[in-house]
Amino acid sequence: MTALTLDRALDLRGRGAALQVDASAIAANSRLFAERSGGALMAVVKADGFGHGAALVARTALRHGASWLGVTSLDEAVALRLAGIEAPVLSWLNPVASDFRAAVLHHVDVAVPGPAHLAAVAGAARTTGRPARVHLHLDVGLARDGAAPADWARLCHAARRAEREGTVRVVGVMGHLARGDEPGHEANRAARDRFAWGIGVARRHGLRPPLRHLAATAATLTDPLSRHTLCRVGAGLVGIDPSGTTPLRPALTLTAPVVSVRDVVAGTPVGYGHTWATARGTRLALLPLGYADGLPRTASGRAEVLVRGRRCAVVGRISMDQVVVDVGSAPVVAGEIATVFGPGSEGEPTVAEWAGWSGTIEHEIVTGIGARVRR
Ligand SMILES: *Cc1c(COP(=O)(O)O)cnc(C)c1O
């Protein structure tokens, strides 16, 4: 056997849990959002591309209609640069003491939520001899990141002064919706109005930001008035639609090999705390992944996986490293591959089902897959 064939033979069955990413699904979703954005599309690849691999999602989206990338931290942005990706990148959430010199040197745009950040960014730019490219961030109703409306005029004034000094260029104004996943909600109209007001204030201070961006996935799909010149889309690219309006293609499949099977009699308690016991004689299969690998412990007692084309219950408590599956009378043997979740096309559970079983949203499932799972 050549090393390559041996590696293949050992591949799925010989190792632990594995995560596969369907780049064609990300490509299809990217094309849909590029079309819906009505302007430019920013692929948001924070949190390792929502657990799908930041560089993979970035490259795929850039080939299929996106022209911008967005991440949370400067470290994430620099990692894209070190991976050889040259498209425009915006980083929007950084401590005031961050290394903003790195942003300028790596051509990374940064969002600025207030005068202290602006001063830090301008100061760093001064030492490089090049202006920093900034997007002023207005809080339009989350009370989270971004400048409060009461501080906005002061921020615009300081930004204009820094432009005159040549230390920054204000290329964008951004906001983020609190209730974008509730199309038509009154809070969205209020947020849009506040954003429009913020742009007006910026203009009155002499700023001419060519980029104005408010919409993320849900609003891009449901609210044309929030699209402005650019849409920042993350969840949608990997097949998650918080608005529940548009069929998208999920891109992740999580599999695990059966490590062992055992035949047990009726009344056999299973797992920590004996929270469940067999009602009949059955076969139990052991899978080598648990909550440390991203299966929420709160899905215990509800979750299912696909084994031999059939849905089987995950029984007893989900442990840190392993789960037990009741495969009934199916002649399942060690080494078979179980599908924990996937797009659903073969009957396997979806990420949306796992989110429902554990009382959370799909985002938390896909970003929570542990480092031990092979990509
Ligand atoms: C995560 C994030 C996005 C992307 O949101 P999705 O709903 O995943 O498209 C856009 N903007 C900001 C500020 C974010 O934090």
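For reference, positions follow the sequence shown, starting with 1. These numbers were taken from a predicted model, which means no experiment stands behind them. One-based numbering, in listed order, for ligands and for the atoms of each.
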Test of proximity, R144 against ligand 1: N or O pairs below 3.5 Å
no
Nearest heavy-atom contact between M174 and A111 is SD-CB, 3.8 Å
Within the 4.0 Å heavy-atom cut-off, what K46 brings close to ligand 1 is side chain
Exactly one candidate in T253, V351, T350 meets side chain to side chain contact (heavy atoms under 4.5 Å, CB included) with P343; the answer is T253
By side-chain contact (heavy atoms from CB on, under 4.5 Å), R160 pairs with (sequence neighbours left out) E163, R164, L207
Those residues at least two apart in sequence (or on a different chain) that pass salt bridge (charged side-chain N to carboxylate O under 4.0 Å, His left out) with D181 are none
Note: ligand 1 atoms sitting under 4.0 Å from heavy atoms of A235 are 6 (P), 8 (O), 9 (O)
Note: ligand 1 atoms sitting under 4.0 Å from heavy atoms of V233 are 9 (O)
A student checking ligand 1 against F50 at a 4.0 Å heavy-atom cut-off should list atoms 8 (O)
Would you call the rings of H213 and H135 parallel, tilted or perpendicular, where under 30° means parallel and over 60° means perpendicular? perpendicular
Going by the 4.0 angstrom heavy-atom rule, the piece of R232 near ligand 1 is both
If you scan protein heavy atoms around atom 9 (O) of ligand 1, the nearest is T217 OG1, 2.5 Å
For S91 and A77, the nearest pair of non-hydrogen atoms, with its separation, is CB-CB, 4.3 Å
| Could an N or O of ligand 1 be found under 3.5 Å from any N or O of A216, whether backbone or side chain? | no
